[in-house]
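Notes follow the structure.
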Amino acid sequence: MTDRDQPKSAFEVYGQVLAAERIRCDADSLAVWGHDRTTSFQADPAAILFPETTSEVAAIVRMANASGHALVPSGGRTGLSGGAVARTGEVVVSLDRMNRIEKFNPTDRLLTCQAGVITQVIQETAQEKGLFYPVDFASAGSSHIGGNVATNAGGIRVIRYGLTRQWIAGMTVVTGTGDVLRLNHGLIKNATGYDLRHLFIGSEGTLGIVTEVDVRLCMQPEPQRVLVLAVPQLSGLMQILAAYSARIELSAFEFFSDLAMRRVIARGRAVRPFAGDAGDSPLFALLEFDQSAEEEALDIFEALLATGVVTDGVISRSDAQARALWALRENISESLAPERPYKNDISVRIEDVPDFLVSVDRLVSRAYPDFEVCWYGHIGDGNLHLNILKPGNMAEAEFVAVCHHISPELFAEVHKRSGSISAEHGVGLLKRDFLGFSRSPEEVAAMRAIKAVFDPNGVLNPGKLF
Ligand code: 2HG
Ligand code: ZN
């Protein structure tokens, strides 16, 4: 049940805990906070709530249980799978006002903050303390740490530092019953049974609303060098990865197609890194590593050049140059956004990547002969982003239906290799129908049973994930 027919009821219900200005029902607010970055779902929330404390969130959840409202937890709304879309009159719980950094504990290298703190603020705060928060991605300037936890965000440095999961040393979460759980308390060692923290990480707001986190920080790395290589063959990508990772520790190993790069350059978000023939290469690899490994990296480059695995390369010699090279990769998603791409975010084990790329290439050229397909991704950890661009003259619904129709073929390739149909963007609404390609019926049943423990009335993010 929702209060859509009685628009005042959100004020009546939640007005008991929130001042009126922290409850919004105006059309503009509903449009903004009802949505994440997906474009194919119609948002239709009933109200937007802006709590400031864990106890307010707990009260909201208890009231939702009593009044029958469904809640959609909302962070920076940068998600790409519809996990934060409110499309059937749900009440959105925005963590925008829960943006306080509460404590820095230098001995444990822990930053305690509310879940609505922007990821980049955590990175900058770590830097001010002489430390480092290594999880990074293009939307770090708007995403919230709570959203990163809810989706176990990955990004560009996973091969060296792992995913968000690895950096969350403790959390406070409000379950679907309104109980407040304080988990792990920043401990390194804690062998006292189930580590419930890890159930909430990646749960996409279906089990609880994360309100506070203890973020672990680490020592700052050396200054980084970025190397972009022109790669003539798809098969060359993993040869490059093997050559480099055998000899130096990589912080990132990304790739992108020429088509993706051209879109970024056309939108003025980066400049072409190569002159001459190498600029016509169909693929590019981007590597990042400590500056002390530069000589070794250039040696490997010479060897790859001699065998034709790469045809050119450009290396950064300053932070500004490194940022300019990263811009080629980091701005792809935003540059494609106006073309309303259908997104695939898939992964396989690294050893399966070469053969997977060949199969996907074959499938995509056969299945989408009339669509442009942009390849890019975090290939060093087995994660591929395939963005299929909507032809300008095609209606969005038709385009999505065509892509959805073909997705099972792609996901069958993923399934064959026990891969994931959503490597880092979550399942949300977009991939829900395809969950069975990555999770067995027994696993889904176990997930449903866990959902029933933490959210027996199905108040939190209904319709997402499964
Ligand atoms: C990236 O790696 C993000 O740039 C977005 O995960 C990918 O938009 C996408 O498909
Ligand atoms: Zn990504």
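Numbering of ligands and ligand atoms starts at 1, following listing order.
Residue, atom and distance of the protein heavy atom nearest to atom 6 (O) of ligand 1 are H425 NE2, 2.8 Å. Scanning the protein heavy atoms around atom 9 (C) of ligand 1, the nearest turns out to be Y376 OH, 2.9 Å. Considering only non-hydrogen protein atoms, atom 4 (O) of ligand 1 sits nearest to R329 NH1, 3.1 Å.
Within the 4.0 Å heavy-atom shell around ligand 1 one does not find D345. At least one heavy atom of L80 sits closer than 4.0 Å to an atom of ligand 1.
Here the Zn ion (ligand 2) is the vertex; the NE2 atom in H385 and the OE2 atom in E424 give an angle of 90° (to 10°).
Counting only heavy atoms from C-beta outward, the side chains of R37 and S333 never approach each other to under 4.5 Å. Within the 4.5 Å cutoff, side-chain heavy atoms of L234 are placed close to those of L237. Side-chain contact check for V348 versus V353: some heavy-atom pair is nearer than 4.5 Å.
Using a 4.0 Å cut-off to heavy atoms of S333, the atoms of ligand 1 that qualify are 5 (C), 8 (O), 9 (C). Applying the 4.0 Å criterion to heavy atoms of H378 picks out, from ligand 1, the atoms 2 (O). Near N387, meaning under 4.0 Å from any of its heavy atoms, are these atoms of ligand 1: 10 (O).
Between I248 and A297, the shortest heavy-atom contact is CD1-CB, 4.1 Å.
Distance check for H425 against the Zn ion (ligand 2): none of its N/O/S atoms falls below 2.8 Å.
A ring-centre distance under 6.0 Å is not found for Y342 and F371. In this structure, the ring of F255 has its center no less than 6.0 angstrom from the ring center of H378.
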*Test F50 against W33 for ring pair (Phe, Tyr, Trp, His ring centres under 6.0 Å), laying out the working first.*
CA-CA 11 Å; F50 297 92; W33 276 275; 5.1 Å; yes
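Proximity of E330 to ligand 1, defined as any heavy-atom pair under 4.0 Å, is not found for any part of the residue.
The residues R263 and E372 are annotated as salt-bridged, a charged nitrogen and a carboxylate oxygen being separated by less than 4.0 angstrom.
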